[in-house]
Amino acid sequence: MDKALILGKAASDNKLELSDPSSIMATALQFQQLFMLYESGIKQITTKLEILDDEFASKHQRNPIENITSRIKEPVSIAEKLERKGLAVTIDNMVNRLYDIAGIRVTCPFISDVYRVMQLLLQQDDIELVELKDYIKNPKPSGYRSLHAVVKVCVYFSDQKRDIPVEIQIRTIAMDFWASLEHQLHYKKDFPMPDNVSEELKSIAETITNTDIRMQELAKHIPGFVDYSAEENFL
């Protein structure tokens with residue numbers, strides 16, 4: 001979908017016409033300001049994660065976080081998701097009906113680290129948990145595993161404070177390896193895939209999970225290692 005069309009559709013709440021250049025510019029500025037808010041939410045949470053990682057390392061002489069990446073969902077992807085939900089492509093629906101426009105992905109060495117990092121983050125006073133999905137203990141039918149949370153983080157600006165929604169995905173290095181390659185296989189449409197690809201991917205996911213579990217068993221020999229994944233309610 002053409003970006004200019006998205007902007008025109010997003011402006012429909014205010015009865016703005018696509019043919020009106022001033023209306024298109026006003027809507028484009030709204031998008032720019034909104035994306036700045038989402039980027040600010042990402043920066044806030046990324047800083048929190050980096051501080052938690054540094055603190056953990058100073059206490060336990062190892063890092064529970066291997067890598068942190070982030071993204072802002074593209075306007076075309078936002079429009080497509082709203083349409084899949086049967087919602088009009090408007091700025092109002094974008095802000096109030098989608099919670100994954102700002103996204104952070106964290107990879108950790110061990111399964112226990114995944115739960116510990118999420119636990120430490122959610123314990124902070126200015127983090128509000130909106131939704132938590134544990135795809136590690138309850139994997140998707142495809143074999144996908146990860147710990148997902150939608151949170152709202154308070155961000156202070158010059159004249160206001162805003163609660164910004166951010167989706168956080170935390171997984172092990174092995175889980176991230178599988179998810180990245182599964183994405184490549186399923187989203188490349190220019191070559192045929194064998195009929196049994198889904199079954200094969202699920203089998204590989206089980207192999208990777210067993211590897212994660214074996215690695216965690218070895219990690220239990222690290223002095224002070226605690227298996228937070230074994231807790232029924234890690235929060």
Chemist: E83 and V89: side-chain contact (heavy atoms from CB on, under 4.5 Å), yes or no, with the steps?
Modeler: CA-CA 7 Å; E83 289 175 344; V89 184; 3.8 Å; yes

Chemist: Is there side-chain contact between I68 and E50, with heavy atoms separated by less than 4.5 Å?
Modeler: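 Contact flag for I68/E50 side chains = yes.
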
Chemist: Given side chains that start at C-beta, do those of F110 and P64 come closer than 4.5 Å, heavy atoms only?
Modeler: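 Result no, sub-4.5 Å side-chain heavy-atom pair not found.
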
Chemist: Does K202 come within less than 4.0 Å of E206, counting only side-chain N to carboxylate O?
Modeler: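 No.
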
Chemist: With rounding to the nearest 0.5 Å, note down the distance linking CG in N67 to OG1 in T69.
Modeler: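 Separation between the atoms: 6.0 Å.
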
Chemist: Grouping I, L, V, M, F, W and Y whenever their side-chain heavy atoms are under 4.5 Å apart, do V226 and I170 come out in a common cluster?
Modeler: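 Shared cluster, yes.
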
Chemist: Just verifying a value: how many Å separate L49 CG and M118 CE, rounded to the nearest 0.5 Å?
Modeler: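 Going from CG on L49 over to CE on M118, the span is 9.0 Å.
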
Chemist: According to ring pair (Phe, Tyr, Trp, His ring centres under 6.0 Å), who are the partners of Y228, at least two apart in sequence or on a separate chain?
Modeler: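 So Y228 forms no ring pair (Phe, Tyr, Trp, His ring centres under 6.0 Å) with any residue.
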
Chemist: Is there a chain of hydrophobic side chains (I, L, V, M, F, W, Y, each step under 4.5 Å between heavy atoms) that links F225 to I213?
Modeler: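 F225 does not cluster with I213.
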
Chemist: So, are E217 and R214 salt-bridged, with charged N and O less than 4.0 Å apart?
Modeler: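 Salt bridge flag = no for R214 with E217.
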
Chemist: Going from CD1 on I104 to CD1 on I168, what distance comes out if it is rounded to the nearest 0.5 angstrom?
Modeler: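 These two atoms lie 5.5 Å from each other.
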
Chemist: Are L218 and V114 joined in one hydrophobic group, where the rule is that I, L, V, M, F, W and Y side chains link up if heavy atoms are under 4.5 Å apart?
Modeler: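 No, L218 does not connect to V114 through the hydrophobic network.
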
Chemist: Does a donor on one side chain sit under 3.5 Å from an acceptor on the other, for T209 and R145?
Modeler: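 Yes.
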
Chemist: Under 3.5 Å, is there a donor-acceptor pair between the side chain of S77 and the main chain of K73?
Modeler: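 No, S77 side chain to K73 backbone: no donor-acceptor pair under 3.5 Å.
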
Chemist: Clusters formed by hydrophobic residues whose side-chain heavy atoms approach within less than 4.5 Å: which one holds Y99, and what are its other members?
Modeler: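 Answer for Y99: V130, V150.
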
Chemist: Walk me through it: do I72 and I42 pass the test side-chain contact (heavy atoms from CB on, under 4.5 Å)?
Modeler: CA-CA 9 Å; I72 300 290; I42 285 175; 3.5 Å; yes

Chemist: Report the relative orientation of the aromatic rings in F35 and F31; use parallel for angles under 30°, tilted for 30 to 60°, perpendicular for over 60°.
Modeler: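 Plane angle over 60°, so perpendicular.
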
Chemist: Aromatic rings H60 and F56: how do their planes relate, parallel, tilted or perpendicular, breaks at 30° and 60°?
Modeler: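 If you compare the ring of H60 with that of F56, the planes turn out tilted.
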
Chemist: Quick one: do the S229 and D227 side chains pair a donor with an acceptor below 3.5 Å?
Modeler: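 Yes, a side-chain donor-acceptor pair sits under 3.5 Å.
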
Chemist: Are D126 and K48 close enough for a salt bridge, meaning some N to O gap below 4.0 Å?
Modeler: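 Salt bridge: yes.
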
Chemist: Mind checking the CG-CD1 spacing from N93 to I78? Nearest 0.5 Å is all I need.
Modeler: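 Those atoms lie 12.0 Å apart.
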
Chemist: Answer whether the closest heavy-atom distance between the side chains of V155 and K43 falls below 4.5 Å.
Modeler: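 The answer is no, as the side chains (C-beta and beyond) never meet within the 4.5 Å cut-off.
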
Chemist: Can you see which heavy atom on C154 is nearest to which on K161, and at what distance?
Modeler: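 For C154 and K161, the tightest heavy-atom pair comes out as SG-CD, 3.9 Å.
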
Chemist: Would V117 and L52 count as a side-chain contact (heavy atoms from CB on, under 4.5 Å) here? Give the steps.
Modeler: CA-CA 8 Å; V117 169; L52 289 172; 5.5 Å; no

Chemist: Mark yes or no for whether N196, through its side chain, and E199, through its backbone, hold a donor-acceptor pair below 3.5 Å.
Modeler: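 Side chain of N196 to backbone of E199: no pair is present.
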
Chemist: For the atom pair CG (L87) and CG (L98), what is the distance rounded to the nearest 0.5 Å?
Modeler: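 Rounded to the nearest 0.5 Å, the CG-CG separation comes out at 7.5 Å.
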
Chemist: Check whether any side-chain heavy atom of I65 lies under 4.5 Å from a side-chain heavy atom of D113, and answer yes or no.
Modeler: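 They are not in contact (no side-chain heavy atoms under 4.5 Å apart), so the answer is no.
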
Chemist: Are side-chain heavy atoms of R62 and I222 found at a separation under 4.5 Å?
Modeler: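 The answer is yes; the side chains approach within 4.5 Å.
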
Chemist: How many angstroms lie between atom CG of D53 and atom SG of C108, to the nearest 0.5 angstrom?
Modeler: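 So the gap between those two atoms works out to 8.5 Å.
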
Chemist: For a quick check under 3.5 Å, do S112 and Q216 share a side-chain donor-acceptor pair by atom type?
Modeler: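 Result is no, nothing qualifies.
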
Chemist: Between K81 and D100 (salt bridge meaning N to carboxylate O under 4.0 Å), is one present in this structure?
Modeler: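 A salt bridge is present here (some side-chain N lies under 4.0 Å from a carboxylate O).
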
Chemist: If hydrophobic clusters are built by linking Ile, Leu, Val, Met, Phe, Trp and Tyr wherever their side-chain heavy atoms come under 4.5 Å apart, do M215 and Y115 end up in the same one?
Modeler: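 Unlinked, M215 and Y115 end up in two clusters.
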
Chemist: Applying a strict under-4.5 Å side-chain criterion to I, L, V, M, F, W and Y, I'd like to know whether L37 and V153 cluster together.
Modeler: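 Yes.
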
Chemist: Does F177 offer a backbone N or O that forms a donor-acceptor pair with the side chain of S180 under 3.5 Å?
Modeler: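 No; judged by distance alone, with no hydrogens or angles, the pair does not exist.
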
Chemist: On the 0 to 90° scale, with breaks at 30° and 60°, tag the Y144-W178 ring pair as parallel, tilted or perpendicular.
Modeler: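 Geometry flag for W178 against Y144: tilted rings.
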
Chemist: Is the shortest side-chain heavy-atom distance between L147 and L132 below 4.5 Å?
Modeler: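 SC-SC contact between L147 and L132 confirmed.
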
Chemist: Side chains of T172 and D176: closer than 4.5 Å at any heavy-atom pair?
Modeler: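 A side-chain contact is absent here, since even the closest heavy-atom pair is not under 4.5 Å.
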
Chemist: Identify the two heavy atoms, one from G143 and one from A205, that lie closest to each other, and give their separation to 0.1 Å.
Modeler: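 Smallest interatomic distance, heavy atoms only, reads O-CB, 3.5 Å.
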
Chemist: Ring of Y135, cation from K133 - is the NZ or CZ under 6.0 Å from the centre and inside 45° of the axis?
Modeler: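 Not flagged: K133 not positioned over aromatic ring of Y135.
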
Chemist: Give a yes or no answer on whether the side chain of E167 reaches the backbone of H148 with a donor-acceptor pair at less than 3.5 Å.
Modeler: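 Pair absent, no side-chain N/O of E167 close to backbone of H148.
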
Chemist: Side chains of R171 and Q169: does their closest heavy-atom pair fall under 4.5 Å?
Modeler: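 R171 reaches Q169 side chain to side chain.
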
